[in-house]
Amino acid sequence: MTKALLIDPNTQSISQVELDQGLESIKALIGQSSIDSDEVGQDGDRLFFDEACFIRATAESKRFKLDTLPPVAGVGVVVGHQADGGLKDTQLSPEMLKTRVRFS
């Protein structure tokens, strides 16, 4: 199991989750089969999100902003990323991530 953090703008919450099937688990949490990611720290953590969230978003879509990244519509998953493309436990705690996320 890999420890990750789920960012949910609908409930304005950040919670720890466990991934048991790698990228397939991330896709299931996000609810889309096409995902993208951005680096969010020097420890190898990445934010995974719906690749087409900017296209699918509506005026009613809830969003979140992490650091200086563009606002993301829908949920996101933060997890560690290895050089070989594999996943590893995130280095962030929910409390640490909460200080870096803004919901809208």
Side-chain angles (χ1 to χ4, degrees):
M1 295 281 196
T2 304
K3 292 179 185 173
L5 297 173
L6 176 69
I7 304 170
D8 187 342
N10 297 306
T11 59
Q12 294 192 1
S13 64
I14 297 173
S15 56
Q16 186 169 314
V17 295
E18 291 189 354
L19 309 176
D20 60 358
Q21 296 178 337
L23 287 177
E24 292 306 313
S25 294
I26 294 173
K27 290 176 184 178
L29 286 169
I30 292 172
Q32 300 294 333
S33 60
S34 176
I35 59 174
D36 198 358
S37 69
D38 273 317
E39 187 175 340
V40 294
Q42 297 177 357
D43 294 322
D45 283 339
R46 295 189 72 80
L47 168 67
F48 287 84
F49 54 93
D50 172 14
E51 181 178 41
C53 72
F54 307 108
I55 297 169
R56 289 189 235 277
T58 65
E60 295 80 30
S61 296
K62 302 292 183 183
R63 294 172 171 75
F64 69 90
K65 183 171 174 54
L66 174 57
D67 296 335
T68 60
L69 296 175
V72 173
V75 301
V77 176
V78 174
V79 66
H81 195 260
Q82 301 179 68
D84 66 0
L87 302 178
K88 63 180 182 178
D89 290 350
T90 179
Q91 298 300 302
L92 294 169
S93 69
E95 294 75 25
M96 290 169 54
L97 188 56
K98 284 177 185 176
T99 65
R100 298 171 55 188
V101 172
R102 289 187 310 248
F103 295 104
S104 60

| request: For F49 and I7, run side chain to side chain contact (heavy atoms under 4.5 Å, CB included): C-alpha distance rounded to whole Å, both residues' side-chain angles, the deciding distance at 0.1 Å, then the answer. | output: CA-CA 10 Å; F49 54 93; I7 304 170; over 6 Å; no
Which pair of heavy atoms, one from [X] and one from [Y], lies closest together, and at what distance?
X	Y	result
S13	T11	OG-OG1, 2.6 Å
F64	G74	CE2-O, 3.2 Å
S25	L19	CB-CD2, 3.8 Å
A73	A57	CB-CB, 3.7 Å
C53	V72	SG-CG1, 4.0 Å

| field | Stepwise side chain to side chain contact (heavy atoms under 4.5 Å, CB included) check, L5 with V77 | value | CA-CA 6 Å; L5 297 173; V77 176; over 6 Å; no
| task | Applying side chain to side chain contact (heavy atoms under 4.5 Å, CB included), run through I30 and F48 and close with a yes or a no. | result | CA-CA 8 Å; I30 292 172; F48 287 84; 4.2 Å; yes
| request: Sequence neighbours left out, what passes side chain to side chain donor-acceptor pair (under 3.5 Å) with S104? Give chain and number order. | output: none
Could you give all pairs that pass the salt bridge (Lys or Arg N to Asp or Glu O under 4.0 Å) test and reach [range], with sequence neighbours left out?
range	answer
residues 4-20	none
residues 82-98	none
residues 59-71	D67-R100
residues 32-44	none

| field | Pairwise distance CG(D45) to OG1(T90) - rounded to 0.5 angstrom | value |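 Reported to 0.5 Å precision, the distance equals 3.5 Å.
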| task | Any chance you could measure K27, atom NZ, to Q21, atom CD, to the nearest 0.5 Å? | result | 11.5 Å
| message | Before you tell me yes or no, could you show the steps for V101 and I14 under side chain to side chain contact (heavy atoms under 4.5 Å, CB included), namely the whole-Å CA-CA distance, both residues' side-chain angles and the distance that decides it to 0.1 Å? | response | CA-CA 9 Å; V101 172; I14 297 173; 4.0 Å; yes
| task | Flag the pair V75 / D50 as yes when at least one side-chain heavy-atom distance between them is below 4.5 Å, and no otherwise. | result |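 Side chain of V75 against side chain of D50, heavy atoms only: no contact under 4.5 Å found.
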| message | When you compare the side chain of L97 with that of V40, does any pair of heavy atoms fall below 4.5 Å? | response | no
Please tell me whether [X] and [Y] are part of a single hydrophobic cluster in this structure, the criterion being side-chain heavy atoms less than 4.5 Å apart.
X	Y	value
F103	L6	no
I35	L47	no
M96	V17	no

| request: With sequence neighbours left out, write down each residue that passes salt bridge (Lys or Arg N to Asp or Glu O under 4.0 Å) with E51, or none if nothing qualifies. | output: none
